[in-house]
Amino acid sequence: QVKLVESGGGLVQPGGSLKLSCVASGSTLASYAIGWFRQAPGKEREGLSCISSSDGSAYYVDSVKGRFTISGDNDKNTVHLQMNRLKPEDTAVYYCATDLWSAYCSDNYFQSYEYDYWGQGTQVTVSS
């Protein structure tokens, strides 16, 4: 069974940066597509980004494109989400998830149903 643990969240001022990490145990992330999601209070979970472990291809939704960067470190079984130019509307709990059926991000990479295992989340708060 795959276990995912996110870390790196915290309080940051608007315009600041944070780097989230997603560490896996029980399996290697190098075999799966990995996605990042977030959920703000009272809102639905929102897909943000996906990285294909097969070739490192990365995908982003428009709301974070150009500000967030997803990357993988297979040696450490870790996927990162570098978040720059953060805005108050980025405030949410951030989750990583694995798609155990494919090493490639699907066309629906931003949909929760594409993923099988989830971490517990890490809180990101953007406020002055």
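Side chains are part of it too, since the values below use all heavy atoms of this structure and drop only hydrogens, waters and symmetry mates. Every value quoted in this text rests on a predicted model; they were computed, and no experiment measured them.
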- Measure from the side-chain N and O atoms of S52 to the backbone N and O of A33, and report whether any donor-acceptor pair falls under 3.5 Å. no
- Item | E44 atom CD, over 12 foreign heavy atoms within 6.0 Å | no
- Message: Under a 3.5 Å distance rule, please check whether S128 uses its side chain to pair with a backbone N or O of Q13 as donor and acceptor.
- Response: no
- Item | V12 versus L86, closest heavy-atom pair with distance | CG1-CD1, 3.6 Å
- Message: Go through it in stages, so that I can follow the logic: the residues are Y109 and Y115, the test is ring pair (Phe, Tyr, Trp, His ring centres under 6.0 Å), and I'd like the CA-CA distance, side-chain angles, deciding distance and then a yes or no.
- Response: CA-CA 8 Å; Y109 69 88; Y115 299 87; 8.5 Å; no
- With distance as the sole test, does S106 use its side chain to make a donor-acceptor pair with the main-chain N or O of N108 at under 3.5 Å? yes
- Task: Locate the shortest heavy-atom distance separating S17 from R85; write the atom from each residue and the value.
- Result: OG-N, 4.3 Å
- Query: Any side-chain heavy atom of S27 within less than 4.5 Å of one from V2?
  - Reply: yes
- Query: Do S63 and E89 have side-chain atoms, one donor and one acceptor, less than 3.5 Å apart?
  - Reply: no
- Note on the structure: On a heavy-atom basis, the closest approach of T69 and Y60 is CA-OH, 3.3 Å
- Close side-chain approach of L18 and V124, heavy atoms under 4.5 Å: yes
- Neighbour count above 12 (heavy atom, 6.0 Å) for D107 CG: no
- Item | Cluster check I70, V93: I/L/V/M/F/W/Y, side chain < 4.5 angstrom | yes
- Query: For the hydrophobic clusters of this structure (ILVMFWY residues joined by side-chain heavy atoms under 4.5 Å, transitively), does one cluster hold both L20 and L11?
  - Reply: no
- Task: Establish whether V23 and V79 are linked, either directly or via other cluster members, by ILVMFWY side-chain heavy-atom contacts under 4.5 Å.
- Result: no
- Task: Give a yes or no on whether the backbone of A24 and the side-chain of N77 come within a donor-acceptor separation of less than 3.5 Å.
- Result: yes
- Do the non-hydrogen side-chain atoms of F68 and D90 ever get within less than 4.5 Å of each other? yes
- Give the cluster check for I51 versus Y117: same hydrophobic cluster or not, with ILVMFWY residues linked at side-chain heavy-atom distances below 4.5 Å. yes
- Flag yes if Y94 and V61 sit in one hydrophobic cluster, no otherwise; membership is Ile, Leu, Val, Met, Phe, Trp, Tyr, and two members link when side-chain heavy atoms are under 4.5 Å apart. yes
- Side chains of P88 and P14: does their closest heavy-atom pair fall under 4.5 Å? yes
- Message: Strictly distance-based, threshold 3.5 Å: is any side-chain N or O of E6 a donor or acceptor partner for the main-chain N or O of C96?
- Response: yes
- Message: Could you go through Q120 and V5, starting from their C-alpha distance and side-chain angles, then the distance that decides it, and tell me whether this counts as side-chain contact (heavy atoms from CB on, under 4.5 Å)?
- Response: CA-CA 7 Å; Q120 83 293 344; V5 179; 4.2 Å; yes
- Task: Supply the atom-to-atom distance E46 CD to Q111 CD, rounded to the nearest 0.5 angstrom.
- Result: 11.5 Å
- Task: Give, for atom CG of D99 and atom SG of C105, the distance between the pair rounded to the nearest 0.5 Å.
- Result: 8.0 Å
- Query: H80 and S71: side-chain hydrogen bond (donor to acceptor under 3.5 Å, both in side chains), yes or no, with the steps?
  - Reply: CA-CA 5 Å; H80 299 288; S71 62; 5.4 Å; no
- Message: Rounded at 0.5 Å granularity, tell me how far OG in S54 sits from OH in Y104.
- Response: 4.0 Å
- Answer yes or no on whether R45 is positioned over the face of Y95, meaning its NZ or CZ is under 6.0 Å from the six-membered ring centre and within 45° of the axis. yes
- Message: As an exercise, state the distance from CG of L48 to CE of M83, rounded to the nearest 0.5 Å.
- Response: 9.0 Å
- Item | Check: T78 side chain, K76 main-chain N or O, donor-acceptor pair, under 3.5 Å | yes
- Query: Where do F37 and W118 land on the ring pair (Phe, Tyr, Trp, His ring centres under 6.0 Å) test, with the steps shown first?
  - Reply: CA-CA 10 Å; F37 288 73; W118 294 78; 4.8 Å; yes
- Item | Any donor-acceptor N/O pair, T91 side chain to V126 backbone, under 3.5 Å | yes
- Task: Indicate yes or no for a side-chain donor-acceptor contact from R38 to the backbone of Q123 under 3.5 Å, with no hydrogens or angles considered.
- Result: no
- Which value, rounded to the nearest 0.5 Å, describes the distance between S21 atom OG and D73 atom CG? 9.5 Å
